[in-house]
Amino acid sequence: MKRIYISDIKKNGKSFEGQNILLKGWLYNKRHKGKLYFLQLRDGTGIIQCVVFKGDVTDEVFDQADKVTQESSLEINGTLKEDTRSPIGYEISVNNLKILSHAENYPISPKDHGVAFLMDHRHLWLRSSRQHAILSVRNQLITAIRQYFNENDFTLIDAPIFTPAACEGTTTLFEVGYFDDKAYLTQSGQLYMEAAAKAFGKVYCFGPTFRAEKSKTRRHLTEFWMVEPEVAFNRLEENIDLAEDFLVYIVNYVLANCRKELEILERNLAPLENVQKPFPRLHYEEAVSKLNELGLSFQSGGDFGAEDETVLTQAYDRPIIVTHFPRKIKAFYMKQDENQPEYARCVDILAPEGYGEIIGGGEREDNYDVLIQSIKDHSLPEEAFKWYLDLRKYGTTHSAGFGLGIERCVAWICGLHHVRETIPFPRMLERLTP
RNA sequence: UCCCGUGUAGCUCAGUCGGUAGAGCAAGUGGCUGUUAACCACUGGGUCGCAAGUUCGAGUCUUGCCGCGGGAGCCA
């Protein structure tokens, strides 16, 4: 007998109706009433109720139904029947049941648990329907990202994980031994993308990023995934158009492909359906005025804090674009604006509902002399950036790009309180296991 | 790094004024042919985070340490 998946039943139940089918999976939950056992079978593609009736099976099979415990792996043989009470429209009338591996005292019961306990059992927590939904959204979001860049003729260029020095001087890096030398785990592939853009025109990288900041908030991980496109000859305005178009595309893709998952997560879809062009665009100083109008006393010149971002984004119904931050609070490679030398040609996109910055980027400094001065101003070791400076010597161009943090984006789309559930095995200040 | 909170059964928590350690769920046994976090009855289950101190007596008070949670700064 051919084994089928629960997803086959969800997609094409009619063709299996009345037939004897074979399923393999794990016991999600069990209820019992007299001569009936209701087994919720989970196979990774869905959950289906399998009904064992004493009158239909041998004593041995009925005994197995009694013995099977939560998360035991099992094989079920039964007849598919339509049932209006079932969330997927079908259930299985069991003929035979075989326990493949008996699970003793599965730690995660269907009742309340605290976050710490669940995180300690992350390897098992992944089996729950809520975590399954979140990671399915992550999967679809990543699919959307790759598809967007493929459709728009970008080339995927992988950036190195080991790097010789800081991309940006301000943040903390993870230092690792590299034979007799030291190396650092990457905190951005961007500098490498600038080199790649001058070889391929439109490029992007997608990989893990490491930040050794001692941040202990719902928005921070020490290891997270970032996608970073870079386009040669693009200026800030074209970069903003790209970021906007990209964000609309990926959100719409997830909305179209993850209805069930967002329903399980009880996500209000209205704010996501609002993610349509154009997004409000604010100059940094306009954003500062807006913050003061909204009742905060924000001094021009500094970066926005968590509360500032929350208050600002709550004034709009879709993501907002803030450009031209003061040069001195931005990375050394940000291009100085020709008409406003105190400001950088950079862009942040803030997600609505207080989710904060999900995209950060801008135009790169293309002038050799300005760049080398900027490296000095940021007290960075000039020799480490020799290859990067070469890009300004051999056919320099305007160049712009941005980075999108996957976990923050998933948290926003799923409406989650914390980014730790958006990555299979989170790495945080106080957590390196499992 | 700083601020706040918390640590009691496998899990989630209660424990009053310092006076014999509690509940619900889970687990085990029994009952019931339609359960959706099933229900009913019974049973077992404790290094009260660790260490020291105060006291006739500490889960409770004091000090230190550790773990965890939330937040800030910084960032995606």
Side-chain angles (χ1 to χ4, degrees), chain A residues 28-40 47-56 62 66-67 69-70 81 83-88 91 93 103-121 125 128-129 167-173 186-190 208-228 243 302-310 325 329-331 347-351 355-361 402-412 417-420 422-423 428-431 433:
Chain A
Y28 193 65
N29 201 359
K30 178 167 85 170
R31 281 177 284 271
H32 171 221
K33 187 159 176 84
K35 293 171 181 167
L36 281 171
Y37 277 95
F38 301 97
L39 310 178
Q40 259 70 43
I47 292 172
I48 193 165
Q49 175 159 278
C50 304
V51 185
V52 185
F53 175 49
K54 200 174 190 340
D56 289 347
F62 194 73
D66 179 59
K67 287 210 173 77
T69 53
Q70 190 189 1
K81 290 183 172 164
D83 195 301
T84 50
R85 290 165 294 191
S86 161
I88 62 166
E91 66 175 29
S93 178
E104 198 83 45
N105 297 323
Y106 186 70
I108 304 178
S109 67
K111 298 276 176 161
D112 297 339
H113 296 285
V115 178
F117 175 82
L118 289 168
M119 271 300 167
D120 284 342
H121 296 85
W125 192 21
S128 78
S129 57
C167 293
E168 306 169 31
T170 53
T171 42
T172 323
L173 293 165
T186 181
Q187 61 177 358
S188 168
Q190 188 233 308
T209 300
F210 307 88
R211 303 268 168 102
E213 294 153 6
K214 295 201 170 171
S215 302
K216 216 181 143 182
T217 83
R218 75 180 98 160
R219 295 181 306 281
H220 286 87
L221 298 166
T222 53
E223 177 182 318
F224 66 97
W225 285 66
M226 188 155 69
V227 59
E228 294 173 279
D303 212 345
F304 300 141
E307 196 199 352
D308 306 319
E309 286 184 354
T310 302
F325 283 74
I329 58 167
K330 283 291 171 181
V347 54
D348 278 6
I349 300 186
L350 307 179
Y355 280 93
E357 185 183 343
I358 51 168
I359 281 179
F402 60 85
L404 170 113
I406 298 299
E407 289 76 17
R408 284 193 186 174
C409 195
V410 174
W412 163 49
H417 178 69
H418 201 299
V419 293
R420 65 187 156 205
T422 67
I423 188 165
M428 296 178 291
L429 184 57
E430 308 287 358
R431 180 170 296 280
T433 54

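Protein chains get the first letters and strands the later ones, always in sequence-line order, with residue 1 at the start of each.
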### Task
Apply side chain to side chain contact (heavy atoms under 4.5 Å, CB included) to A:His113 and A:Asp120, showing your working.
CA-CA 11 Å; A:His113 296 285; A:Asp120 284 342; over 6 Å; no

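Spacing of C1' atoms, B:C68 relative to B:C74, comes out at 23 Å, to the nearest Å. With both ends at atom P, the span from B:U36 to B:A23 equals 26 Å, rounded to whole Å. Rounded to whole Å, the P atom of B:G7 lies 13 Å from the corresponding atom of B:C50. B:G70 and B:C75 have their P atoms separated by 22 Å, with the value rounded to a whole Å. The C1' atoms of B:C42 and B:A51 are separated by 42 Å, rounded to the nearest whole Å. Across the C1' atoms, B:U60 and B:G18 are found 6 Å apart, a figure rounded to whole Å. Rounded to whole Å, the C1' atom of B:G5 lies 29 Å from the corresponding atom of B:A37. Taking atom C1' in both B:G28 and B:G19, the straight-line distance is 35 Å, to the nearest Å.
Using a 4.0 Å heavy-atom distance criterion, A:Lys54 is classed as making no nucleic acid contact. Using a 4.0 Å heavy-atom distance criterion, A:His417 is classed as a sugar-phosphate-only contact. Nucleic acid contact for A:Leu36: base, since at least one base atom lies under 4.0 Å from a heavy atom of the residue. Using a 4.0 Å heavy-atom distance criterion, A:Gly356 is classed as making no nucleic acid contact. Among the atoms of the strands shown, none is found under 4.0 Å from any heavy atom of A:Gly55.
Counting only heavy atoms from C-beta on, A:Leu221 has its side chain closest to B:A76 among B:A76, B:G34, B:A72. Checked against B:U35, B:G73, B:A76, the side chain of A:Phe224 finds its nearest nucleotide in B:A76. Counting only heavy atoms from C-beta on, A:Thr217 has its side chain closest to B:G73 among B:A27, B:G69, B:G73. Taking only side-chain atoms of A:Glu213, from C-beta outward, the nucleotide of B:U1, B:G70, B:C74 with the closest atom is B:C74. Taking only side-chain atoms of A:Lys33, from C-beta outward, the nucleotide of B:C75, B:G71, B:C32 with the closest atom is B:C32. When distances run from any side-chain atom of A:Glu91 to the nucleotides B:A26, B:G34, B:A76, the shortest one goes to B:G34.
The distance from atom CH2 of A:Trp225 to atom C1' of B:C75 is 20 Å, rounded to the nearest whole Å. Per the geometry, CG belonging to A:Leu429 stands 10 Å off P belonging to B:G69, to the nearest Å. Regarding A:Arg219, its CZ atom lies at a distance of 12 Å from the P atom of B:G70, rounded to whole Å. Summarising the geometry, the separation between NE2 on A:His32 and C1' on B:U36 is reported as 16 Å, rounded to the nearest angstrom. Here B:C11 presents its P atom at 12 Å from CD1 of A:Ile108, a figure rounded to the nearest Å. To the nearest angstrom, P of B:A76 lies 14 Å from CD1 of A:Ile406. In this structure, CD1 of A:Ile359 is placed 15 Å from C1' of B:C75, rounded to the nearest angstrom. Nucleotide B:C25 holds its P atom 18 Å from the CG atom of A:Asn105, rounded to whole Å.
Applying the 3.5 Å distance criterion, the base of B:G71 shares no donor-acceptor pair with the side chain of A:Glu307. At a cut-off of 3.5 angstrom, the base of B:C75 holds at least one donor-acceptor pair with the side chain of A:Arg408. No hydrogens or angles were tested; on distance alone, a donor-acceptor pair under 3.5 Å links the side chain of A:Gln49 to the base of B:U35. A donor and an acceptor atom never sit less than 3.5 Å apart when one is taken from the side chain of A:His113 and the other from the base of B:C11.
Between A:Val51 and A:Leu36, some side-chain heavy-atom pair lies under the 4.5 Å cut-off. Contact check for A:Ile108 versus A:Ser128: no side-chain heavy atoms found under the 4.5 Å cut-off. Residues A:Lys330 and A:Asp348 have side chains in contact (heavy-atom distance under 4.5 Å, counting atoms from C-beta outward). Counting heavy atoms from C-beta outward, A:Glu357 and A:Arg408 have side chains that approach closer than 4.5 Å. Here the side chains of A:His418 and A:Val115 are not in contact, with every heavy-atom distance at 4.5 Å or above.
Where A:Ser215 and A:Arg420 each meet RNA chain B at their nearest nucleotide, the meeting point lying more 5' is that of A:Arg420. Residue order along RNA chain B, read from the 5' end via each residue's closest nucleotide, puts A:Val51 first among A:Glu357 and A:Val51.
Partner assigned to B:G64 is B:C50, using Watson-Crick or G-U wobble distances below 3.5 angstrom. For B:G57, there is no paired base (Watson-Crick or G-U wobble, both distances below 3.5 Å). Within the shown strands, B:A41 is the pairing partner of B:U29 under the Watson-Crick or G-U definition, both distances less than 3.5 Å. Under the Watson-Crick or G-U wobble criterion, with both distances below 3.5 Å, B:U1 is paired with B:A72.
Stacking between A:Phe38 and B:G34 is absent: the aromatic ring centre is not both under 5.5 angstrom from the base six-membered ring centre and within 30 degrees in plane angle.
With salt bridges taken as basic N to acidic carboxylate O contacts below 4.0 Å, one links A:Asp83 and A:Arg85.
A:Ser86 and A:Gln49 share no side-chain donor-acceptor pair at under 3.5 Å.
In this structure, A:Arg218 reaches the B:G71 phosphate: one of its side-chain N or O atoms is under 4.0 Å from OP1 or OP2.
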